[in-house]
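Below: the structure, in structure tokens.
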There are 2 protein chains.
Amino acid sequence: MVTQIPDIVIGRLPIYLRELRRLQDEGDRLTTSSHELGERLGISSAQIRKDLSHFGEFGKQGTGYHINYLVDQLCQILHLDQTWPVALVGVGSLGTALAHYDGFKLRGFEIRWVFDIDPTKIGAEVNGVHIQAVDELEATIAQHEIAVAIIATPASVAQDVADRLVAAGIKAILSYAPLHLTAPSGVHVSYSDPVTELQRMTYYLG
Amino acid sequence: MVTQIPDIVIGRLPIYLRELRRLQDEGDRLTTSSHELGERLGISSAQIRKDLSHFGEFGKQGTGYHINYLVDQLCQILHLDQTWPVALVGVGSLGTALAHYDGFKLRGFEIRWVFDIDPTKIGAEVNGVHIQAVDELEATIAQHEIAVAIIATPASVAQDVADRLVAAGIKAILSYAPLHLTAPSGVHVSYSDPVTELQRMTYYLG
DNA sequence: TAGATTGTTAATCGATTAACAATC
DNA sequence: TAGATTGTTAATCGATTAACAATC
């Protein structure tokens with residue numbers, strides 16, 4: 001029986017995975033518990049057990065969860081037992097920073113195509129990746145069947161870029177442009193806007 | 001009577017504000033409606049009306065919301081009728097990109113102090129701001145009563161940096177380090193981790 | 001065996017939505 | 001007046017938590 005799992009549960013799995021990897025790196029134990037994990041993440045142990053129980057029984061009464069095993073399971077669930085090749089659009093300062101970020105590879109992603117509209121950038125390289133003209137976006141994405149893209153363009157062109165990415169077959173977009181993007185259902189969009197995040201916190205400051 | 005307003009409501013206000021600013025920039029109308037705003041943001045009109053009603057009655061039956069007025073009100077609520085000076089820790093490629101980002105000023109923030117631990121960077125400038133040694137962090141934050149900070153350091157030192165920021169008086173932290181930070185209650189922490197965001201989406205991809 | 005911890009149930013808590021009287 | 005849209009209520013829907021039998 002296929003049960004629809006809430007988005008909010010899916011959203012926590014990468015957080016669990018990230019903390020489990022830290023436990024692996026610390027390397028001093030083979031198992032952990034929902035209590036320990038919750039303690040480290042500020043999440044209740046009941047919620048962690050409930051979340052995981054949507055996908056199977058990964059723990060053992062009395063001993064908890066085998067860290068390596070749970071990491072493997074979460075990677076399978078999140079489809080991270082592969083490296084997702086990523087297209088990046090926009091090589092301004094943020095795009096360049098993302099292209100150089102070495103935290104992608106180890107966690108399942110690799111920026112392998114980079115696009116910009118600026119003729120003085122096209123043909124150059126960023127972190128070993130050739131910068132292509134945005135004109136080539138559709139052909140490249142279709143040819144390589146790329147599913148994941150990052151938008152790091154100015155806000156003014158982000159919706160247009162998103163439309164073209166979607167038309168070319170992209171299924172998941174992470175956008176750094178500070179505006180809501182419209183995309184057809186079946187295409188997943190997530191956002192990162194530092195100002196929005198800061199504004200959420202200033203409410204609570206005198 | 002003071003009612004506790006849910007965090008999730010507060011979290012949507014900056015989104016409303018951002019879209020209202022877009023309507024201002026488009027400049028072709030003085031008013032909007034919860035229906036229009038919801039349409040543009042993929043949020044139900046009922047939710048928008050409910051959210052706003054926590055803070056007052058900002059609309060008029062039949063005509064909707066006066067855009068400029070609602071922007072003003074939201075800015076007041078979010079304490080954005082001032083510019084918040086921000087301290088940035090870490091001047092790697094991401095920190096540098098943030099220091100150069102010109103989207104802060106217009107929306108209520110300004111990176112005015114920058115810290116790094118690398119002696120070859122200390123004393124240089126990034127976007128007109130002097131790079132200080134991390135040693136000077138406590139004194140500078142206390143002296144200027146800085147409330148908001150951004151962490152763009154490697155994960156390995158992020159918790160230590162956060163502890164020092166908090167001890168010096170910082171009340172809101174936006175962290176780009178890919179790990180959960182522990183902070184005392186009363187200190188607000190938000191996160192931006194591109195990999196976590198991408199991992200949330202790959203679950204839905206074949 | 002005794003202690004620890006799971007997976008699950010039922011209860012609680014909170015958020016969203018539908019509907020509509022009020023009124024511009 | 002007629003149409004549009006608010007603010008609010010009550011109903012629905014969904015998420016979190018507390019508690020505990022099962023069992024390692």
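Here is how names work: the chains are called A, B, and so on, in the same order as the sequence lines, proteins then strands, and each is numbered from 1. Any value given below was found using the heavy atoms of this structure, including those in side chains, with hydrogens, waters and symmetry copies removed.
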In residues 63-76 of chain A, what residues come within less than 4.0 Å of DNA chain C, judged by heavy atoms?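 DNA chain C contact set from residues 63-76 of chain A: T63(A), G64(A), Y65(A).
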Does anything in residues 26-45 of chain B reach DNA chain C, meaning a heavy atom under 4.0 Å, and if so which residues?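 Here the set is S44(B).
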Side-chain N or O of R12(B) closer than 4.0 Å to phosphate OP1/OP2 of dT16(C):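 Yes, within the criterion.
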I need the single residue from Y16(B), F55(B), F58(B) that forms a side-chain contact (heavy atoms from CB on, under 4.5 Å) with L74(B). Which is it?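 When Y16(B), F55(B), F58(B) are each tested with L74(B), the side-chain contact (heavy atoms from CB on, under 4.5 Å) holds only for Y16(B).
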Would you mind reading off the distance between [X] atom [atom1] and [N] atom [atom2], rounded to a whole angstrom?
| X | N | atom1 | atom2 | answer |
| --- | --- | --- | --- | --- |
| Q4(A) | dA15(D) | CD | C1' | 15 Å |
| F55(B) | dT8(D) | CZ | P | 13 Å |
| F58(A) | dT5(C) | CZ | C1' | 17 Å |
| Q47(B) | dT6(D) | CD | C1' | 16 Å |
| D51(A) | dT6(C) | CG | P | 13 Å |
| H54(A) | dT6(C) | NE2 | C1' | 16 Å |

Partners of E36(B) by side chain to side chain contact (heavy atoms under 4.5 Å, CB included), sequence neighbours excluded?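 Scan of E36(B) (side chain to side chain contact (heavy atoms under 4.5 Å, CB included), adjacent residues dropped) gives L23(B), R29(B), T32(B), S33(B), R40(B).
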All N/O contacts under 3.5 Å from nucleotides 18-20 of chain D to the protein, with atom names and distances to one decimal?
unit_1  : atom_1 : unit_2 : atom_2 : d
dA19(D) : N6     : R49(A) : NH2    : 3.3

Non-hydrogen atoms of [X] and [Y] that approach each other most closely:
| X | Y | value |
| --- | --- | --- |
| P184(B) | V166(B) | CG-CG1, 3.6 Å |
| Q24(A) | I67(A) | CG-CG2, 3.6 Å |
| D193(B) | P178(B) | OD2-CB, 3.5 Å |
| R18(B) | H180(A) | NH2-N, 3.6 Å |
| K50(A) | S53(A) | O-OG, 2.7 Å |

Donor-acceptor pairs under 3.5 Å, side chain of residues 5-13 of chain A to any protein atom, not counting sequence neighbours: which ones?
unit_1 : atom_1 : unit_2  : atom_2 : d
D7(A)  : OD1    : Y204(B) : OH     : 2.5
R12(A) : NE     : D51(A)  : OD2    : 2.7
R12(A) : NH2    : D51(A)  : OD1    : 3.1
R12(A) : NH2    : D51(A)  : OD2    : 3.2

Set of salt bridge (Lys or Arg N to Asp or Glu O under 4.0 Å) partners for [X], sequence neighbours left out:
| X | answer |
| --- | --- |
| R49(A) | none |
| R164(A) | E138(A) |
| E136(A) | none |

Neighbour count above 12 (heavy atom, 6.0 Å) for E145(A) CD: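 For E145(A), atom CD is not crowded (no more than 12 foreign heavy atoms under 6.0 Å).
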Does atom CD1 of I117(B) have more than 12 heavy-atom neighbours from other groups under 6.0 Å away?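 For I117(B), atom CD1 is not crowded (no more than 12 foreign heavy atoms under 6.0 Å).
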Applying side chain to side chain donor-acceptor pair (under 3.5 Å) as the test, list every pair that has at least one member in residues 147-159 of chain A; sequence neighbours left out.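 Counting only pairs at least two positions apart or across chains, the side chain to side chain donor-acceptor pair (under 3.5 Å) contacts touching residues 147-159 of chain A are Q159(A)-D163(A).
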Using side-chain heavy atoms (C-beta onward) and a distance below 4.5 Å, is L20(A) in contact with L37(A)?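 Answer yes - side chains close enough.
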Distance-only donor-acceptor hits, side chain of residues 78-102 of chain B, under 3.5 Å, sequence neighbours excluded:
unit_1  : atom_1 : unit_2  : atom_2 : d
H79(B)  : ND1    : T202(A) : O      : 2.8
H79(B)  : ND1    : Y203(A) : O      : 3.2
H79(B)  : ND1    : L205(A) : O      : 2.9
W84(B)  : NE1    : H79(B)  : O      : 2.7
T96(B)  : OG1    : G92(B)  : O      : 2.6
H100(B) : ND1    : T96(B)  : O      : 2.9

What bend angle does the helix from dG3(C)-dC24(D) to dC24(C)-dG3(D) show across its length, from five-pair end axes and to the nearest 10 degrees?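 Angle reported: 20°, given to the nearest ten degrees.
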Starting the side chain at C-beta, find the nucleotide from dT8(D), dC24(D), dG7(C) nearest to E57(B).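 Shortest atom-to-atom distance from the side chain points to dT8(D).
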Polar-atom pairs under 3.5 Å, protein N or O versus N or O of nucleotides 21-23 of chain D: list them with distances, or write none.
unit_1  : atom_1 : unit_2 : atom_2 : d
dT23(D) : O4'    : Q61(A) : NE2    : 3.4

Nearest-nucleotide comparison on DNA chain D, the residue closer to the 5′ end among K60(A) and V9(A):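 So the residue in question is V9(A).
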